[in-house]
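Values in this document were obtained by computation on a predicted structure and should not be read as measured data. Just so it is clear, the values below take in all heavy atoms, side chains as well, and ignore hydrogens, waters and symmetry mates.
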Amino acid sequence: MKIWIVSMECAGIAEAGGVKNVTFSLCKEFSDLKHKTTLFIPVYKCTCLDSLFEFNEVETAAEIELCGRREKVTYTTAKSTSNFDVVLINHPLFAEKEAIYTYTENEEKINPSHKKGTGHLDALYLDVLFQKAVCAYGSLISRSDIPEILHCQDASTAMLPAFIANSKAFKKTNSVVTIHNAGPFYHHSFTSIGEAAWYTGLSTPLLEKSMNGRAVEPFLVASVSGAYLTTVSENYAKELLNPANAEETEGLAPIFAARNIEIKGITNGFDFDRYNPVSKDASKLPFEFEPEKNDLDGKLKCRKFFVQNIVNTDNFKAGGIKKYGKLDCSTEYTKEIYIAYHGRITTQKGISILTAAVPAILENFPDVRFIFAGQGEPRLEIDIVRLTEKYPGRVTFMNGYNQTVVRLATAVSDFIVLPSFFEPCGLEDFIAQVYGTVPIAHRTGGLNKIEDGRTGFLYESNTAGVLTAKLTEAIMLKMLRPSQIARMVKSGAYSVHHEYLWKNVIQKKYLPFFKEILKNNKD
């Protein structure tokens, strides 16, 4: 089978959110199973090419018609050390971006209108440019290299099925669009039919069928264009088809339900080999340990290293991280209970719920320490910084992204708290469990894969009061029944390693689904 995977990000090449991990693992595992797999991705200023080799410039460039302009796009082919092919999309508008979706602090310094953490002002232009560039590539290659499956990752690539429908090169190609997040701010929608037509050049009847109120939705464009829709967990598929979730999906769920649109839920796998705590090369941690066997000596050593060499040192330097607050710790580093949050600092992630719960916990449990790691909305970042100031020695904030630092933040903690208002699948719970850190999460979407009381803790109503109660329960168990927490550590680590490997997800879920698509269209 020939498969093209189209994504704005991929782990090891250009990284932003959880889409990067899914993209990489799909490419790697399909390729390992001997399917010819090609990744299409733009080249940004932040792109890392260290994992690629055998670069070749494609002689013929493409000219893309977009918003009354003609944009020249060039292509570079390469191979990944993980065995899949790569086509790099080159254009100056991508090359100038320091991050994939949002502006950085440095970009704001250069241009004050490019506020740190806000989306690119030309985001829709970039989306369409990328998708049309992938479509144009089909006319530059042999028909024998055209894919049977075109797999598009999230809203930024969801209109590609409509573009290839008008291309003779892709007559036998089947499109699949995976919805990674249909929450507010993640739709990449157009404000009107006029705007959508100006950017895309798609027909008015198609755009009229793709409307959500006044807006034109890429996910609906995909559906109207005959693409198969999937999402990243079985539970999130149910939520997307439940009309009661209008607010959480910014109006999409009622439309999906009214049209009886099928959305197949396939829970994301986990690339254990990229995090394995038994290997320092894989985990990027300074010490090895094995939670599946309750061997946590190395975890404690990592905690000591993290506090001494990162949190509490004035000489700490790590690219991408700005540090706030230090931690007071006992000599043994065992007296305190560490609770981490790692992820995007955004409204969706329930940061406001967590920052409201932290004071009650700290005022009742003097030995609790909070570690925050991530970046995002400035106002939410400010709330965390204020906690580090109000509770000196008890809260630290690693603001930004550095792979080693953020992995340590999770690995050194006893618990990770995940208070997302909605969560399509969730990756941080997987990472935490592999590192022997027990998740405490709002029962929503893909976080339902946590088994309450066995591999972690789940709570129902996402309020500061309910979260405070659940945190209190976990802390008390750690203090009074540590053996019960130890069993949860072992069960969680074993579950992720043996039940959620990407290889199993590809073989048991994706391949049968793709083969069914090909069979149905052949018939």
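In summary, the side chains of Thr347 and Arg379 do present a donor paired with an acceptor at a separation below 3.5 Å, with no hydrogens or angles considered. Side-chain atoms of Tyr324 and Glu381 include no donor-acceptor pair closer than 3.5 Å. Looking only at atom types and distance, the side chain of Glu428 has no donor-acceptor partner in the side chain of Tyr341 under 3.5 Å away. Judged by distance alone, the side chains of Thr267 and Glu234 do bring a donor and an acceptor atom under 3.5 Å apart. Lys28 and Ser80 share no side-chain donor-acceptor pair at under 3.5 Å.
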Test log, rule side chain to side chain donor-acceptor pair (under 3.5 Å), inputs Glu9 and Tyr101: CA-CA 10 Å; Glu9 54 179 301; Tyr101 304 111; 2.8 Å; yes

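At least one side-chain heavy atom of Asn294 sits under 4.5 Å from a side-chain heavy atom of Val489. Here the side chains of Ile5 and Gln153 are in contact, with some heavy-atom distance below 4.5 Å. Side-chain contact between Asn268 and Ser233 is absent, with no heavy-atom pair separated by less than 4.5 Å. Between Leu467 and Tyr459, some side-chain heavy-atom pair lies under the 4.5 Å cut-off.
Figure legend: Arg407 and Tyr435 shown without cation-pi pairing, the cationic atom not lying both under 6.0 angstrom from the six-membered ring centre and within 45 degrees of its axis. Stacking of Lys449 on the aromatic ring of Phe430 is recorded, both the 6.0 Å distance cut-off and the 45° axial limit being met.
Using the six-membered ring where Trp is involved, Tyr510 and His151 have ring planes that are tilted, between 30° and 60° apart.
Checked against Thr178 for a side-chain hydrogen bond (donor to acceptor under 3.5 Å, both in side chains), the options Thr23, Asp154, Thr230 give a single hit: Thr230.
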